[in-house]
Amino acid sequence: MNPTDNPDLELFLTREQIQQRVTEMGADISRDFAGQTIVLVGVLKGAAIFLADLARAITVDCTFDFVAVSSYGKSNRSSGAVRLLKDLDHPIENRNVILVEDILDTGLTLGYLRDNLLLQKPSALKIATFLDKPSRRLQAITADYVGFSMPDKFVIGYGMDYSERYRNLPDVCFLPPEAEE
Ligand code: PRP
């Protein structure tokens, strides 16, 4: 899918920009964890594509796990009601864990997951997010690795959806409100 084919979509990040930044993030993580092993924990579904690229930019030993949380929609999420739908497959005690997200918005999802995973006593717990919308934060969460900071606009592509569509778009685009069906 080429975003220029859809006049409603405004290009935000090209696949080349994404590739360059994700490669840098992988290098940062590889440097910080040199000689160690890592568990990458992806938050389904939006983080799947970012995790796949980030993992291939990491040169230290790593394994994958995935969690899924309930999504009541953004309006209800502000109540703070986040629920775990799929737990980790493997224990993370004494492991170096990196939570991998596509977007850090209110911080409620990552706040919940961070607290939940810390109970399992990992030796380190870091957060890598592809996008960060700091102006939307309701819970104090800071990511250790951030791809791009962005304004409060609706984004799609590179794993991120609008009603489950557009996740396969290789570039990241803004979806203007008037284009939402
Ligand atoms: C998105 C994103 C994060 C969450 C961030 O998930 O993947 O998990 O929202 O928002 P928050 O900081 O306000 O909690 P979404 O609910 O869209 O599900 P998806 O990953 O399946 O697309």
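Counting starts at 1 for both ligands and their atoms, in listed order. Everything numeric in this text was worked out from a predicted model, so none of it was measured.
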Colleague: Taking heavy atoms and a distance under 4.0 Å, where does Arg167 meet ligand 1: side chain, backbone, both or neither?
Modeller: side chain
Colleague: Minimum distance, heavy atoms only, to atom 20 (O) of ligand 1: which one of Gly159, Gly111, Gly42, Gly46 is it?
Modeller: Gly46
Colleague: If the cut-off is 4.0 Å to any non-hydrogen atom of Thr106, which atoms of ligand 1 fall inside it?
Modeller: 11 (P), 12 (O), 13 (O), 14 (O)
Colleague: So, is Leu110 polar-close to ligand 1, with some N/O to N/O distance under 3.5 Å?
Modeller: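 No; the residue has no nitrogen or oxygen that sits under 3.5 Å from a nitrogen or oxygen of the ligand.
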Colleague: Pick whichever of Leu44, Thr129, Thr109, Ile141 has a heavy atom sitting closest to atom 4 (C) of ligand 1.
Modeller: Thr109
Colleague: Considering all heavy atoms of both residues, which atom of Val82 and which atom of Ser70 are nearest to each other, and what is their separation?
Modeller: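 It is C-OG, 3.8 Å.
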Colleague: Heavy-atom distances under 4.0 Å are what count here, so tell me which part of Glu101 touches ligand 1: side chain, backbone, both or neither.
Modeller: side chain
Colleague: Donor-acceptor check, side chain of Thr106 to backbone of Leu138, threshold 3.5 angstrom: yes or no?
Modeller: no
Colleague: Quick one, Lys153 and Lys133 - any side-chain contact, counting heavy atoms below 4.5 Å?
Modeller: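 The answer is no; the side chains never approach within 4.5 Å.
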Colleague: Is the shortest side-chain N to carboxylate O distance from Asp132 to Arg137 below 4.0 Å?
Modeller: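 Yes.
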Colleague: With a 3.5 Å distance limit and no angle check, can you tell me whether Asp65 reaches the backbone of Val41 through a side-chain donor-acceptor pair?
Modeller: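 Checked: no pair found.
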Colleague: Please state which option from Leu104, Leu113, Ile103 has its nearest heavy atom closest to atom 5 (C) of ligand 1.
Modeller: Ile103
Colleague: For atom NZ of Lys126, decide whether the heavy atoms of other residues, nucleotides or ligands shown that lie under 6.0 angstrom number more than 12.
Modeller: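 Counting neighbours around NZ of Lys126, 12 or fewer heavy atoms of other residues, nucleotides or ligands fall under 6.0 Å, so no.
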Colleague: Just checking Phe148 against Phe130, ring centres under 6.0 Å apart?
Modeller: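 Ring centres of Phe130 and Phe148 closer than 6.0 Å.
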Colleague: Please list, in number order, the atoms of ligand 1 under 4.0 Å from a heavy atom of Asp161.
Modeller: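 Listed by number with element, the hits are 22 (O).
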Colleague: Applying a heavy-atom cut-off of 4.0 Å, say which part of Asp102 lies close to ligand 1: side chain, backbone, both or neither.
Modeller: side chain
